[in-house]
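One structure below.
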Amino acid sequence: MNQCNNIKGRIHSFQSLGTVDGPGIRSVIFMQGCPLRCVCCHNPDTWDFSGGEERSADELCEKVLRYKGYFGLEGGVTVSGGEPLMQSRFLTELFKKLKRYGVHTALDTSGCILDDSVKELLEYTDLVLLDFKYTNEADYLQYTKMEMGSAKEFLEYLEKIKKPTWIRYVVIPSLNDSGESLSKIFDLEAQYSCIKKTELLPFRKLCLEKYEEMGIDFPLKNTPEAKQSFIDEAYKKYEKSLS
Ligand code: SF4
């Protein structure tokens, strides 16, 4: 057994079957640890790199295979977080194993790192769900502590390797929901042929209780939730401009 096979992953939680993180019905693995600090984060309990539980790739693969019968033609596994790229070597081992069983693999990420290990992981990734957060550098830095240039560089690489990608954008009232911002997000789909879909996700505050339990102030506690009607209108308006 080589060294790679001994790596353990730090896992926050496992959702057996879900329908909102990628195509079809999917098992979702939430990884522990994130270097970003998005003001809208729903999972502050995934930030701490020393939290969660250690699992081997074999253990997780076996767990996922129990649900394979439900995946159908479109479903599979999505790895989310936290930030999965922080555990790219472990995930490469896991995805390699899953691919041997014909399981579709998706990676839900901010695109904050692009090193050789991440590039290897992308070889075993069928779909990237790239969470684009803001449309200008100042907001990116202020509201996520990450540079927009990193997300752009990641997207450029996905284009280069022709990796099927969905853009995901959490719409936050008064922070990133201007016509200009939304139009820039949909424009990405026109500029990059790897982008197969743009998803707008309404900002929600279901995480308030988590923040209270952890004794952390939720920066957006006074920001209203996004209305579904606003999201529906935005799709109508900006998706049209693509065709
Ligand atoms: S990248 Fe995800 S897990 Fe990390 S702070 Fe942002 S929303 Fe939270």
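The figures that follow rest on heavy atoms only: side chains count, while hydrogens, waters and symmetry mates do not. Numbers here are sequence positions counted from 1. Just follow the structure's listing: the first ligand is 1, and inside any ligand the first atom is 1. Predicted model, so just to flag it, every value in this text is computed and none were measured.
A salt bridge between R66 and E62 is absent, with no side-chain N of the basic residue lying under 4.0 Å from a carboxylate O of the acidic one. Residues D126 and K99 are paired through a salt bridge, judged by an N-O separation under 4.0 Å between the basic side chain and the carboxylate.
Note that K63 lies in the cation-pi zone of F14, set by a 6.0 Å cut-off to the ring centre and a 45° limit from the axis.
In this structure Q32 satisfies the side chain to side chain contact (heavy atoms under 4.5 Å, CB included) test together with R10, H12, D48, sequence neighbours excluded. With sequence neighbours excluded, the residues satisfying side chain to side chain donor-acceptor pair (under 3.5 Å) with D108 are S80, R168.
At a heavy-atom cutoff of 4.0 Å, ligand 1 is contacted by the side chain of K133 but not by its backbone.
Here the protein contributes C34 SG as N, O or S atoms under 2.8 Å from atom 4 (Fe) of ligand 1.
The hydrophobic side chain of L73 is isolated, with no ILVMFWY side chain under 4.5 Å apart from it.
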